[in-house]
Structure formats: structure tokens, C-alpha cells
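Counting from 1, the numbers follow the sequence of the chain as shown.
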Amino acid sequence: LLEASQRFSTSCQTYVLKCDDILRQSLNPFIYFLKDLFQQNETENRVQNKTIFVDRMKLLIEDLQNSASSEDYEILQLELERATSIIGSILGYYWEDSVYSKLAAASRFSNTVLALRTLVKALSRIKPTIFIIEDLHWMDNDSRRVIETLTRNVKNYPFVILISSRYFDDGSKPSEPVDGAVDTISLDLTGIDREAAWRVIVDRLGAEPGKKLANFILKSSSGNPFYIEQFCLYMKESGLISDKSGRYHLSSGKYDIPSG
């Protein structure tokens, strides 16, 4: 999805929200997005990153003001200025006597949702925006609530959301976290057939697989060519397969294949 969106890089801006099967903390995909947007650097200390956040927010507001498409600039500017400390709190920043510091604990999440909605609206006013959500099946519930809210009544804001997802282990499909009034298009990518999968396995292993190994990879990957490649690479590097008489076979023992 990211590669496809880059074809529109001159006319659009693109941001990625990655869901994580390990870091399933509240708003994790938005934390990933905000770190990118506000150029947060793990090599910098907390004070430096906080300063960078503030500077980047000021530039964003200036970009909004200079945007020819910002007919509602004044309203968005005020909303974004108010939202700054709330958005900063998602990254762990705190300011004395700020808007966020004065919020009652019970209302902080709802205000965080609205602050992220304001940010998305502002970004789309500056330049048409593509948001890519990766691995929806791992998205936390709080992030789903944010997506639903920020897609409500935004017909005049030029942004789209592209979502990639796998089916759950029970075969069910993750529900789309957007507002019910939003028009959506769903594309179901089915697995490749056994003959095509065989060619991918041979290409990635460098030799033909034994029948048991081939069946194991096909079952584990559901015929998805990307996962077939990943399984082949992982099993080869992890010593889970061995070369016998010019063919690869499963080694004896248990096979702990990572999910996702």
C-alpha cells in the first residue's frame, strides 16, 4: 500500500499507522504516526524531542495558514492550538497549566479523540492526505474508536484511509472501524494456487521441498505469496528444515512459527 501511495507523492502526503501484535497498547498506531509526523528521534533525549514536537506543531499551523485550501483556517488554527498539549500527551509530554493538565481524568480520552480528529482535518487542508493502516487485525479498541470518530462528517476534507488486514485465526474478517455513513471498498486477496505456490517455495528455498514441508508451508501461509516467502526465509534461517538428497525436509521436533 505504501509503495502504491508513493506514486501520488507530488500531489498527496502519506502517513502510516502500524498496528503491532506485541505492543498492543492504547493508541499504538497513532503513537507510531505521531512520532513520524513530529520527527521524534530515539537518539535524542526526551527534552530535545519535546522541543522538536513543539517546533513541528508551530510549522504545521503555519503550513495550515499558508494553504490555499484552508477556508476554515481560523477555526482549525484555534482547535489545533488547543489540541497541542493533548496530542503531546499521547507521546508522553506534559506542560503545567496546559489544556490537557486542566482536563478531568474522565474526559481526557474523549478530548484526545477530538484532538486527533482536528489534526487529521488540518493535515488534509494543508495537502490531500493518505493514511495507511497496517494490520488492522491487531488494532486496539481505543484506536478503533478514534478512527470511527475522525471519519464522521468529514466529507469536505480530502483524505482517504487505506487498510490492510488478515483474517482472524477463526476465519472471521475484522470489521472496518470507520463511521457507518462512510463509503468503503473492500478487496479480498485470495491465496495463489498450489502450482504457483510451489514455484515460490522452490525459488525462495533454492531447491524443491518434500511433500510434508510443502503442505506445512501452504497450510501455515493460507496460500499468501508474501507469507510463503516469509515462512521459507524464517524456516531456513532458523534451522527448521534440512537438505536431504537435494530436497528440503522438515527437521524433527516442534515448529514455533510466529503469528502474523
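Side-chain N or O atoms of R56 include none that pairs as donor or acceptor with a backbone N or O of Q39 at under 3.5 Å. No donor-acceptor pair under 3.5 Å is formed between the side chain of N224 and the backbone N or O of G191. A donor-acceptor pair under 3.5 Å links the side-chain atoms of T149 to the main chain of R145, judged by distance alone. When atom types are taken as modelled, the side chain of S67 and the backbone of R125 share a donor-acceptor pair closer than 3.5 angstrom. Although no hydrogens or angles enter the test, the distance criterion places no donor-acceptor pair under 3.5 Å between the side chain of E81 and the main chain of L78. In this structure, R108 contributes its side chain and I86 its backbone to no donor-acceptor pair below 3.5 Å. Judged by distance alone, the side chain of K236 and the main-chain N or O of L205 form a donor-acceptor pair under 3.5 Å. Of the possible polar contacts, one joining the Q13 side chain to the L123 backbone as a donor-acceptor pair under 3.5 Å is found. Distance alone, capped at 3.5 Å, places no donor-acceptor pair between the D135 side chain and the W138 backbone. Side-chain atoms of S107 come within 3.5 Å of backbone atoms of A104 as a donor-acceptor pair (strictly under, hydrogens ignored).
A salt bridge does not link E62 to K58: none of the charged side-chain nitrogens sits closer than 4.0 Å to a carboxylate oxygen. The pair K102-D97 counts as a salt bridge, with a side-chain nitrogen and a carboxylate oxygen less than 4.0 angstrom apart.
K50 places none of its side-chain heavy atoms less than 4.5 Å from the side chain of F38. Side chains of Y93 and N49 form a contact here, defined as non-hydrogen atoms less than 4.5 Å apart.
Under the 4.5 Å side-chain heavy-atom criterion for grouping Ile, Leu, Val, Met, Phe, Trp and Tyr, M57 is connected to Y73 within one hydrophobic cluster. Note: the hydrophobic cluster containing I161 also contains V182 (ILVMFWY, side chain heavy atoms under 4.5 Å, direct or indirect links). No chain of hydrophobic side-chain contacts below 4.5 Å, direct or via other Ile, Leu, Val, Met, Phe, Trp or Tyr residues, connects W198 to I217. Put simply, L76 and L37 are part of the same group of oily side chains (I, L, V, M, F, W, Y) that touch within less than 4.5 Å, one to the next.
To the nearest 0.5 Å, atom CD1 of residue I241 and atom OH of residue Y234 are 12.0 Å apart.
Contact record, S26 with D142: OG-OD2, 2.6 Å, taken as the closest heavy-atom pair. Scanning both residues, D179 and E148, for their nearest heavy atoms gives CB-O, 3.7 Å. Taking every heavy atom of both residues into account, E134 and S164 meet most closely at CA-OG, 3.4 Å. The two residues D36 and Y15 come nearest to each other via the heavy atoms OD2-CD2, 3.9 Å.
The cationic atom of R166 (NZ for Lys, CZ for Arg) lies less than 6.0 Å from the six-membered ring centre of Y227 and within 45° of the ring axis.
A side-chain contact (heavy atoms from CB on, under 4.5 Å) with H249 holds for exactly one of K211, K244, K212; it is K244.
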